[in-house]
Every structure is written in C-alpha cells, then in structure tokens.
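This report concerns only the one structure given below.
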Amino acid sequence: MNIPDLPPATLRLRIDTAALADNWRALDKLSGNARAGAAVKADGYGLGIDHVMPALLGAGARQFFVAHWSEVPGVLAHTDGGSIAVLHGVGNAQEAAFAQATGVLPIINSLYQAQVWLEAGGGPCHLMVDTGINRLGVEPCKLGDPAIRQLQVDTLLSHLASADEDTEQNRAQLHAFREASQQVQPKALSLANSAGIALGADYHFDLTRPGLALYGGIPRETLCDAVQQVAYVEAAVLQVRELGAGDKVGYNAVFAAARPMRAATVSLGYADGILRSWGAEGAMQHDGRRLPIIGRVSMDMIILDCTDTDLSEGDFCNLSYTLPQASRISGLSQYELLTLLGNRFERVS
Ligand SMILES: *Cc1c(COP(=O)(O)O)cnc(C)c1O
C-alpha cells in the first residue's frame, strides 16, 4: 500500500542543537589541552543520531564513541570510519571483518578480543585498560601479554567508576592509568567522561569523552554553568473532562478528586520513557502554569490536573524538564531519563 504522509505527531522531542553545540565547545574548553570527543552511543543518548551528529561535527567534534557495531552505520552517515570507536570491541571474526571493511576502530577490551583482532589481520585499534571499574578492559597485569604487545594501539583508554563523586577511587584510578600508560606505547591517552572533565587537568590527558553533559546532564555541580538543557518534551492533550468530588482517575484508582476539577489526558506515557515513578511529583506546563500529574502513568497516556485553566484538546503541554530536577522528581538517573526517550517522538531540531 502507498502510505500517505503521516499527520503531525502528538508527541515531540525538541532538540536545541545550538545548546548541544555550545555544550560540546564548553566541554572542549574545560578539557584544557585535551581535545573533547563525543559519546554518541544509544542513538545519541536517546536524542537521535541524525540530530546530534551535525551539531557535534559543526561544533568541532572529531572522535565519536558508540557501544555496538549496529550503531556504526548511523554515525557513518555523517563521518568517516576512522573517527568512530566501538566500545564493546570485537568478540568474533564477523565483527572484526566489519571493523576492517568500515575503517572503524574497535576498542580492544581483553586478551580474547586482542586475539580475535590479530587473527583477523589486526590494524589500528584502541585499547581499554580496566583501572578499577571491573567492567570492561584489560587488567593492568596483562598488558605485557604478547597479544597486547602486537596491537597497533592508537589511544589507550580507561573509564572512571565514580567521577561524579568525591572519592579516593578517582585518584586511585588516575594513578593506575598512569602506570598502565608506561607499559603500552599508544599515540594518545584518554580517561575522562563528562564528570571526569570536571575533576581537573590531571584527568584530561589527550582526549576526553563527554556524553551525558553534551546532552544537558549535569553529573557534577561545577558543570552547572557550562551545560545547557538540550531536550524538551512536548505532548498534545487528547481529551479534557470534568471530574466530580470522589471520581477516581487512572489504573487502580490511586487518585480520587477531593473536589470538582478538570483533568486532561495527554499523549505521553511510560512507553515513551516517562516511567510511572514520575507520577508522584511530576508535572507538565502550559502557558506557564503547572499541571500536576494525577493517577498512574499509563503506557501511552498521562492525566494532568488542569483545574482553572482553559486547556483544550490539541494544545501542547511541556514536561517540566531540566535533567537534574527531573532526576530528583522521578528517581531515575539523568542517563536513564535521556536514553529511555522512546521512538514515538517526532524529534525536531
Ligand atoms: C558512555 C561512556 C562515556 C561517556 O560518559 P558520560 O558519563 O556520559 O560522559 C565515556 N567513556 C566510556 C567508556 C563510556 O562507556
């Protein structure tokens, strides 16, 4: 069937690409002598790779990090393979062949991956050393292994576990990373994620890898002035109704009207990433007025208290949404808030 053009979506994610570009420039500047790259995994932290890549490239970013090989084509549509790195590395011959055919650099995370890469013919790659997160990366004591020695390492990386906290672990990882860098002869060194950039010059090395803060997340308070909100959620009112005292609202009737009120049902739900944990304290806004969420969040709808407003069908409401504040309200991390944003949004930038 020849499907006609879709009617306008009732759910929009407005992406402020100028703010995104400003955030990259600010983080690049805060990285001092190091250059900032950009983590664009998980579809640009949920914002949409085709929206974030042009803004990041325009701002000057040249090194991009994804987690999966399946994420590579979306980035290759905007830049060349040599500027893309895959965090999960190569676990088999098919992945290695794909890396070689595209010129994308795998991040080798283990002796096993080093062997896979070498058996496939090798070539330039990055190397992740695990300095204490115990997640992904070669143990420092194995860096002398012949398989590691044979690698053509472009950048030696490690990843901080607790850069968003003031804890001894940061210094310990920094120390372990410096030691590890004596054992390998990479062209460049890279340790800091967004929060790591705020830990200061010791942590910057040659390349930083911000993700969250590019997209408006604030993992440490010192980044507050440098980082702007990028994503804005807007959803249309589907129905408005009058409630009498005692009328119950939504699944399991967890809300009952104490007095006559107006309620609006809005086209946004947990399938879009606004989880039920938003229900207790969350709100949307219209014309500067706060509209509290009442009752349970459903899969495709939430219900708002719009008493004493002239809100009507088709009006768009905004989710009150800066990431640190939304995180407090919902109990979700700023990372979860972004990456949960679903694919029913019309993403506009
Ligand atoms: C996701 C990721 C980043 C980006 O981290 P943020 O905390 O989002 O800035 C950097 N490095 C690695 C290895 C990652 O997995």
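From a predicted model like this one, the values you see are computed outputs, not experimental measurements. Quick note: numbers below take in every heavy atom, side chains included, and nothing from hydrogens, waters or symmetry partners.
Put simply, the side chain of Glu281 does not reach to within 4.5 Å of the side chain of Ile293, judged on heavy atoms. Counting only heavy atoms from C-beta outward, the side chains of Arg209 and Leu157 approach each other to under 4.5 Å. At least one side-chain heavy atom of Phe64 sits under 4.5 Å from a side-chain heavy atom of Leu57. Using a 4.5 Å heavy-atom threshold, the side chains of Asn170 and Tyr203 count as touching. His204 has its side chain within reach of Ile197: a pair of non-hydrogen atoms, C-beta onward, lies under 4.5 Å apart. Residues Pro324 and Arg328 meet the side-chain proximity criterion, which asks for heavy atoms closer than 4.5 Å. Two residues are said to be in side-chain contact when any heavy atoms from C-beta on lie closer than 4.5 Å; Leu191 and Ser158 meet this criterion. With a 4.5 Å cut-off on side-chain heavy atoms, Arg135 and His159 count as touching.
Remark: Arg344 engages Asp300 in a salt bridge, criterion side-chain N to carboxylate O under 4.0 Å. For Arg289 and Asp305, the salt-bridge test fails: no basic side-chain N is under 4.0 Å from an acidic carboxylate O. Note on Arg25 versus Asp22: salt bridge recorded, some NZ/NE/NH1/NH2 to OD/OE distance being below 4.0 Å. Under the 4.0 Å criterion applied to side-chain N and carboxylate O atoms, Asp50 and Arg347 are not assigned as salt-bridge partners.
Summarising the local packing, CG of Asn92 is surrounded by more than 12 heavy atoms from other residues, nucleotides or ligands at distances under 6.0 Å. Around the CG atom of Asn343, the shell of radius 6.0 Å holds no more than 12 heavy atoms that belong to other residues, nucleotides or ligands.
With values rounded to the nearest 0.5 angstrom, Leu30 atom CG is found 6.5 Å from Leu223 atom CG. Interatomic distance, CG of Asn318 versus NE2 of His286, reported as 8.0 Å (0.5 Å rounding). With rounding to the nearest 0.5 Å, the separation of NE2 in His78 from CD1 in Ile49 is 6.5 Å. If you take CG on Asp28 and CG on Asn23, they are separated by 12.5 Å, rounding to the nearest 0.5 Å. How far CG of Leu151 is from CD of Gln113: 10.5 Å, rounded to the nearest 0.5 Å. Atoms CG and OH, from Leu340 and Tyr45 in turn, are 14.0 Å apart once rounded to the nearest 0.5 Å.
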| request: Could you give me the CA-CA distance, side-chain angles and deciding distance for Glu234 and Arg14, then say whether salt bridge (Lys or Arg N to Asp or Glu O under 4.0 Å) is met? | output: CA-CA 8 Å; Glu234 303 172 350; Arg14 208 156 47 71; 2.8 Å; yes
Taking only distance into account, with no hydrogens and no angle test, what donor-acceptor pairs under 3.5 Å do side-chain atoms of residues 100-108 form with protein atoms, sequence neighbours excluded?
residue	atom	partner	partner atom	Å
Gln100	NE2	Ala120	O	3.1
Gln100	NE2	Gly122	O	3.0
Thr102	OG1	Phe98	O	2.7
Thr102	OG1	Ala99	O	3.2
Thr102	OG1	Val104	N	3.4

Please table the atom pairs, donor to acceptor, closer than 3.5 Å between any side-chain atom in residues 248-260 and protein atoms at least two apart or in another chain.
residue	atom	partner	partner atom	Å
Asn252	OD1	Arg296	NH1	2.7

Check residues 329-338 and write down every donor-acceptor pair under 3.5 Å in which the side-chain atom is one partner and the other belongs to a residue at least two apart or another chain.
residue	atom	partner	partner atom	Å
Ser330	OG	Ala326	O	2.7
Ser330	OG	Leu332	N	3.1
Ser333	OG	Tyr335	N	3.4
Ser333	OG	Glu336	N	2.9
Ser333	OG	Glu336	OE1	3.3
Gln334	OE1	Ile218	N	2.8
Gln334	NE2	Ile218	O	3.1
Glu336	OE1	Ser333	N	2.7

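Taking the ring-ring contact (aromatic ring centres under 6.0 Å, His included) definition, one finds that Phe345 meets it with nothing, sequence neighbours left out. Legend: residues meeting salt bridge (Lys or Arg N to Asp or Glu O under 4.0 Å) with Glu119, ordered by chain and number and at least two apart, are absent. Take Asp80 and apply the side chain to side chain contact (heavy atoms under 4.5 Å, CB included) test, not counting sequence neighbours, and it matches Ser83.
In the hydrophobic cluster analysis, where Ile, Leu, Val, Met, Phe, Trp and Tyr join through side-chain heavy atoms closer than 4.5 angstrom, Met284 is grouped apart from Ile303. Val297 and Leu275 fall within a single hydrophobic cluster, where Ile, Leu, Val, Met, Phe, Trp and Tyr side chains are chained together by heavy-atom contacts under 4.5 Å. Val184 and Val138 end up in the same hydrophobic cluster when Ile, Leu, Val, Met, Phe, Trp and Tyr side chains are linked at under 4.5 Å.
The aromatic rings of Phe65 and His126 sit tilted relative to each other, their planes meeting at an angle between 30° and 60°.
Leu13 pairs in a side chain to side chain contact (heavy atoms under 4.5 Å, CB included) with only one of the listed residues (Asp272, Leu319, Val348, Val233), which is Val233. Paired with Val52 under the rule side chain to side chain contact (heavy atoms under 4.5 Å, CB included), one option of Leu20, Val230, Thr17 passes, and it is Leu20. For the side chain to side chain contact (heavy atoms under 4.5 Å, CB included) with His88, the lone residue among Lys41, Glu71, His68 that qualifies is His68.
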